[in-house]
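Structure record follows, encoded as C-alpha cells.
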Amino acid sequence: MFTVAAAQAVVLTHARPLPPETAALGASLLGAALAEDVHSDIDMPPYDKSMMDGYAVRTADLADGRGELAVVEEVMAGQTPRLPVGAGQATRVMTGAPMPAGADVVVMVERTRITDGGRVHIDDPGLQPGRNIVTRGREMRRGDAVLRAGAVLRPQEIGLLATVGRATAAVIPSPSVAVLSTGDEVVEPPETPGPGQIRNSNGPMLLAQAARAGGRPHYLGIARDRLDSLRPLVAEGLQADVLLLSGGVSAGKLDLTPGVLQEAGVVAHFHKVEMKPGKPVLFGTHDRGQGRPPTLVFGLPGNPVSSFVCFELFVRPAIRRLRGLPDSDPTASAILSEDFAYRTDRPTYHPARLEVGDGGWRVRAVPWFGSADLRGLLEMDALVVFPAGDHRHKAGTQFPVLRLED
Ligand code: AMP
Ligand code: MG
C-alpha cells in the first residue's frame with residue numbers, strides 16, 4: 001500500500017498544466033497563471049509628469065528656494081502645456097499633469113502663496129532640481145518585458161496588464177471539476193432522510209473545496225449503486241479535467257466505482273493509501289486524446305471527513321498543477337499544546353487547531369468522533385499527523401501539521 005507521500009508523488013506525475021487560453025482582462029483572471037511574456041507598448045509615464053499639485057518652476061530663478069514668479073498658465077491632468085516656463089515664470093500644475101518645457105522642478109502648493117499682485121511667492125529652502133517629477137519612461141519603456149509567463153495574476157498584475165493596453169491575455173484556464181456523489185442511501189439536502197438514508201453532504205462540500213482550490217466545479221448529481229446509473233454519469237464526468245466521485249470505492253458489495261471506472265478506460269494508479277481517514281481512496285487517469293491532458297479521476301471514500309482529507313491531500317495539489325501554479329507545501333511543524341492519548345493503526349490526519357505560540361506554531365487535536373463527523377471539523381484549521389501505534393503524546397512534542405486554507 002502506498003504511503004501518503006508516495007501517492008501524492010504519483011498524482012503529481014500525471015498532473016500537467018492545461019493548454020493556455022486567451023481570456024478577457026478582468027477580475028476573473030485573479031489567481032490565474034500567465035502563459036505569455038507581456039511587453040509594454042508605451043513609455044510610462046508617457047511624459048515627464050508632475051507628482052504634486054503645485055508650481056512648475058526653474059530652480060535657477062530661486063535663490064535658497066525663495067522668490068516671486070509670474071504665473072503663465074494652469075495645466076490640469078489630461079491637458080498639455082502650451083507655454084514654456086521662461087526666466088521669472090511659473091506654471092500651475094496639478095498631480096499627473098505633463099511638465100512644461102523649461103521647468104526643472106515642482107514646488108508643492110503648500111510651499112507657496114499668491115501675492116496681492118497675483119504672482120506666486122515660493123518658500124522651499126530644500127528645493128532640488130527634479131523634485132516631484134517622474135521622468136518619461138522611468139517606470140517602464142516601450143518594449144520592456146513587464147510580466148513573464150508563469151506569473152500568478154494578482155490585482156497589481158491585472159492593473160499592469162491594463163496599463164500596457166492588454167484587453168486579453170493568454171492564461172492557463174481554471175480546470176473543470178465534475179463532482180459525482182454515489183450511494184443508494186444518499187438523498188439531497190432538502191429531503192428528510194428516511195430509515196438508513198443520509199444527506200448528501202459531500203456533493204456541496206467537494207464543490208466548495210474545488211472552488212476554493214481554483215477549479216470550476218459542476219455537480220453531476222447522485223449516482224445510485226447500479227451500473228446503469230453510474231455508467232452514464234461517469235462518462236459525463238470524464239469530459240471534465242478532474243472527476244471527483246464520492247463513495248463506492250471501498251470493498252463493499254455495492255462499491256461499484258472501481259469497476260465502472262476501469263470499464264470506461266480509466267487507468268488506476270493507486271487504490272488504497274496507508275492513511276486514516278481515507279484509506280480506500282482511488283486515483284486514476286483517463287486519456288482524452290487530441291493532445292489534451294488526461295482527466296484526473298479521484299474516487300474519494302464516502303465518509304465526509306475522509307472525502308475532505310483526501311481532497312486536501314491529493315486533489316488540491318493536482319488542481320494547482322493543472323492551473324500552472326508552483327507547488328505549495330502546506331505542511332509545517334507544530335508543538336502539541338496539550339497531552340493527547342491516541343491509538344491508531346495507520347498514520348492519522350487528525351482535525352486540529354493551530355495557534356501561534358512563543359516558539360512557533362502550537363497545535364491542539366480537536367475532539368472528533370471519526371470519519372463521518374463533519375461537525376467535529378468546525379473548530380479545525382489544520383490536520384495534525386499522528387503516527388500509527390498506541391501513544392500517549394506529550395504536550396511539547398513536535399508533530400507535522402497540514403495547514404488548511406481559510
Ligand atoms: P462508501 O464509501 O460508499 O462506502 O460510504 C461510506 C460512508 O459514507 C457511508 O456511511 C455512506 O453512507 C457515507 N456517504 C457516502 N456518500 C456520502 C455523501 N455524499 N454524503 C455524506 N455521506 C456519504
Ligand atoms: Mg456507498
Side-chain angles (χ1 to χ4, degrees), residues 1-2 4 7 177-213 215 217-234 236-237 240 242-264 266 268 270-284 297-315 344-346 348-349 351 368-378 380:
M1 210 184 322
F2 278 37
V4 168
V177 182
V179 172
L180 176 59
S181 298
T182 74
D184 284 339
E185 77 284 26
V186 181
V187 300
E188 292 295 15
E191 294 176 46
T192 303
Q197 293 187 324
I198 184 159
R199 285 199 177 107
N200 179 16
S201 50
N202 295 348
M205 183 175 67
L206 289 168
L207 291 166
Q209 282 179 291
R212 181 164 72 171
H218 61 278
Y219 179 52
L220 299 178
I222 303 170
R224 298 305 169 195
D225 292 323
R226 293 190 320 265
L227 295 175
D228 65 325
S229 177
L230 263 168
R231 278 176 182 148
L233 289 166
V234 163
E236 190 182 343
V242 179
L243 169 58
L244 304 181
L245 297 111
S246 115
V249 284
S250 316
K253 220 169 159 185
L254 289 181
D255 289 330
L256 305 175
T257 305
V260 169
L261 291 175
Q262 187 184 22
E263 176 195 284
V266 174
F270 61 77
H271 186 186
K272 289 189 179 32
V273 173
E274 184 69 22
M275 64 183 286
K276 195 175 180 170
K279 177 177 162 188
V281 61
L282 177 154
F283 168 67
V297 182
F298 296 88
L300 307 173
N303 267 312
V305 182
S306 311
S307 251
F308 182 97
V309 169
C310 288
F311 182 98
E312 295 300 320
L313 287 176
F314 305 115
V315 185
T344 177
D345 57 347
R346 275 165 275 145
T348 296
Y349 290 76
W368 175 49
F369 302 106
S371 50
D373 178 19
L374 263 190
R375 190 179 179 192
L377 301 194
L378 299 185
M380 160 187 84

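Whatever order the structure lists ligands and atoms in, that order sets their numbers, starting from 1. Remember, it's a predicted structure, so these values are computed and weren't measured experimentally. Position 1 is the first residue of the sequence; numbering continues from there.
Gln197 and Glu191 share no donor-acceptor pair across their side chains, judged by distance under 3.5 Å alone. Inspection of the Ser181 and Asn202 side chains reveals no N or O donor paired with an N or O acceptor under 3.5 Å.
The closest approach between any non-hydrogen atom of Thr182 and ligand 1 is below 4.0 Å. In this structure, Gly248 counts as a contact residue of ligand 1, since one of its heavy atoms falls inside 4.0 Å of the ligand. Heavy atoms of Ser250 come nearer than 4.0 angstrom to ligand 1 in at least one pair. The closest approach between Arg199 and ligand 1 falls below 4.0 Å for a heavy atom of the residue.
The contact set between ligand 1 and Ile198, taken as ligand atoms under 4.0 Å from a residue heavy atom, comprises 12 (O), 22 (N). Distances below 4.0 Å separate heavy atoms of Ser246 from the following atoms of ligand 1: 16 (N), 19 (N). Heavy-atom contacts of Ser201 reach the following atoms of ligand 1: 20 (N), 21 (C) (cutoff under 4.0 Å).
Each of Ser307, Pro301, Cys310, Ser371 was evaluated against Pro277; a single residue qualifies, Ser371, per the side-chain contact (heavy atoms from CB on, under 4.5 Å) test.
Every pair passing side chain to side chain donor-acceptor pair (under 3.5 Å) that includes a residue from residues 220-230 is listed here, sequence neighbours excluded: Arg226-Asp228.
Ligand 1 has no nitrogen or oxygen under 3.5 angstrom from a nitrogen or oxygen of Val249.
By the neighbour-count criterion of 12 heavy atoms within 6.0 Å, atom CD of Gln262 is sparsely surrounded, having that number or fewer from other residues, nucleotides or ligands.
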